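Throughout, a chain's letter reflects where its sequence line sits, starting with A, and its residues are numbered from 1. Quick caveat, the model's predicted, so the values are computed rather than measured.
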Protein chains: 2
Amino acid sequence: MNQEIKDRFDAFVKKKGLRKTGQRDAIFRAAFANEEHFTAEELLERTKAIDPNTSRATVYRTIPLLIEAGLLREIDLGGDLKHYDPNFNDHPDHAHLICVDCGKVIEFSDANLQVLEDCIVRRLGFRPSTSSLRIEACCEQLRQTGTCENLINARLVRRKLPVR
Amino acid sequence: MNQEIKDRFDAFVKKKGLRKTGQRDAIFRAAFANEEHFTAEELLERTKAIDPNTSRATVYRTIPLLIEAGLLREIDLGGDLKHYDPNFNDHPDHAHLICVDCGKVIEFSDANLQVLEDCIVRRLGFRPSTSSLRIEACCEQLRQTGTCENLINARLVRRKLPVR
DNA sequence: TTGGGTGCAAATCGTTTGCAACAGA
DNA sequence: TCTGTTGCAAACGATTTGCACCCAA
């Protein structure tokens, strides 16, 4: 768990005149225990492993808090369930590539893309706020060989594309 | 209503061994009557104006058909309701900019963006499939003057950014 | 004729909410 | 103490489904 982010959450809670509770701590720890994306139900499961007393309602009430604090983002991975991404603190501008062959998710950053999006928004007469890019793509290697070196042993992979 | 798209839908229905029905025709016409995005419930409303006999269940059963036929796309406009976009036939590569000040949606195309996305996907070792880009942005003019010339008299605006 | 299509209402499922008990500050 | 917080269960709202009847082919 990232202590700096936890401090930001605690500060946010205090500034709003809210209270620091055991359940909120447990939910926070569950959300930021690792880099995996999760659904509300998955967060409940993870939280119960830390504090079995935490209820579904409290999880559902805490997620919007984490989002309002700017620590968590809702992302669209396709499918019917809402997913949440705890990685925007360390990687503020990442986007998602979803392998249509195996469903795994690759988080990537590309400086060219950030610049281009910024230009587009300005040319349209706006000031940039947030953007979310989801790319679905096919993994040729997986299709041809039945496996895919990029994805072995990881549900989630991160790539930083160097400018060139 | 676009006759070419209608022909494609009819051909799709026939090829799948399904039947051409009055309700499916009405739902199709409602979906492609104009370029506005819509939710399932809005599509039901529009369809009832054409054929009052059409039921909610049939609308919900027909939307996946239109998507499978490649004529309609689900899009993420933020918020809790699913929205559908009938404009990918005429504008296959457009993305969405959502004004956080007034909520209106601008569809735009940018060739540079398409090329860059293609490059990114290949550099990550994949073959491009589909992508969806949603940008949230602030309209300075609206904030400062209380109005916004780009958006007056239109819920949806389209822009094509020339390469330069 | 016949198997797919439809409308209706009930069921489902993720999420929200009312309320009484609880607990930080 | 004084409010915000919680757990529970009921409520909610979008979507799906079972079933009897309907109708396109």
Side-chain angles (χ1 to χ4, degrees), chain A residues 6 9-31 37-69 72-84, chain B residues 6 9-31 37-69 72-84:
Chain A
K6 182 61 165 65
F9 183 51
D10 289 346
F12 174 82
V13 165
K14 175 171 285 186
K15 194 173 67 176
K16 284 210 86 180
L18 305 177
R19 290 173 187 169
K20 181 165 154 57
T21 67
Q23 288 91 336
R24 282 178 181 155
D25 286 351
I27 293 165
F28 179 93
R29 277 194 276 157
H37 305 143
F38 51 82
T39 63
E41 207 62 26
E42 287 166 352
L43 182 57
L44 174 63
E45 299 261 317
R46 287 202 219 168
T47 303
K48 288 213 174 202
I50 297 172
D51 176 359
N53 290 322
T54 310
S55 72
R56 174 173 286 105
T58 298
V59 168
Y60 275 101
R61 285 190 272 234
T62 301
I63 288 173
L65 264 191
L66 291 168
I67 291 174
E68 191 189 343
L72 190 66
R73 286 253 289 265
E74 190 182 317
I75 57 171
D76 175 21
L77 294 181
D80 288 334
L81 289 77
K82 288 182 186 171
H83 284 80
Y84 300 93
Chain B
K6 182 64 166 63
F9 183 51
D10 290 345
F12 174 82
V13 166
K14 175 171 284 185
K15 194 172 69 177
K16 282 210 87 179
L18 307 177
R19 292 174 186 170
K20 183 165 152 55
T21 68
Q23 289 91 333
R24 282 178 180 156
D25 286 351
I27 293 165
F28 179 92
R29 277 196 277 157
H37 305 143
F38 51 82
T39 63
E41 206 63 23
E42 288 167 351
L43 183 56
L44 173 63
E45 299 260 317
R46 288 202 218 168
T47 303
K48 289 213 173 201
I50 296 172
D51 176 359
N53 290 323
T54 310
S55 73
R56 173 174 286 104
T58 299
V59 168
Y60 274 102
R61 285 189 272 235
T62 302
I63 288 172
L65 264 191
L66 291 167
I67 291 174
E68 191 189 342
L72 190 66
R73 287 253 289 265
E74 190 181 317
I75 57 170
D76 175 22
L77 294 182
D80 289 335
L81 288 76
K82 288 182 185 171
H83 285 80
Y84 300 94

Side chains of B:Leu18 and B:Leu65 in contact at under 4.5 Å (non-hydrogen atoms):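 Side chain of B:Leu18 against side chain of B:Leu65, heavy atoms only: contact under 4.5 Å found.
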Is there side-chain contact between B:Phe38 and B:Glu45, with at least one heavy-atom pair below 4.5 Å?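 B:Phe38 does not reach B:Glu45 side chain to side chain.
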Let me know the distance between [atom1] of [X] and [atom2] of [N], rounded to the nearest Å.
X	N	atom1	atom2	value
B:Leu18	D:dA24	CG	P	15 Å
B:Lys16	D:dA25	NZ	P	17 Å
B:Leu44	C:dC8	CG	C1'	13 Å
B:Tyr60	C:dG7	OH	P	15 Å
A:Lys20	D:dT6	NZ	P	12 Å
B:Arg24	D:dC23	CZ	C1'	12 Å
A:Asn53	C:dA21	CG	P	19 Å
A:Phe38	C:dG14	CZ	P	17 Å

Do [X] side-chain and [N] base share a donor-acceptor contact under 3.5 Å?
X	N	result
B:Arg61	C:dG7	yes
B:Arg19	C:dG4	yes
A:Arg56	C:dG14	no

With a cut-off of less than 4.0 Å, is there a side-chain N or O of A:Gln23 near OP1 or OP2 of D:dG7?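 Indeed, a polar side-chain atom of A:Gln23 lies that close.
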Which atom names give the shortest non-hydrogen contact between A:Val59 and A:Ala40, and what distance separates them?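 Nearest heavy atoms, A:Val59 then A:Ala40: CG1-O, 3.9 Å.
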Quick one: does any side-chain atom of B:Arg24 pair with a main-chain N or O of B:Arg19 as donor and acceptor, under 3.5 Å?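 Between the backbone of B:Arg19 and the side chain of B:Arg24 there is a qualifying donor-acceptor contact (under 3.5 Å).
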Mind checking B:Thr54 for me? I need base, sugar-phosphate or nothing, with any heavy atom below 4.0 Å counting as a touch.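 B:Thr54: backbone/sugar contact only, no base atoms under 4.0 Å.
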Take B:Gly22 and B:Asp80, find for each the nucleotide of DNA chain C with the closest heavy atom, and name the residue whose nucleotide sits nearer the 5' end.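 With B:Gly22 and B:Asp80 compared, the 5'-side residue is B:Gly22.
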Map B:Thr21 and A:Ser55 onto DNA chain D by nearest heavy atom, then report which one ends up closer to the 5' terminus.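 Going by which nucleotide is closer to the 5' end, it is A:Ser55.
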How long is the straight-line distance from CD1 of A:Ile27 back to CZ of A:Arg61, given to the nearest 0.5 Å?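 Reported value, rounded in 0.5 Å steps: 10.0 Å.
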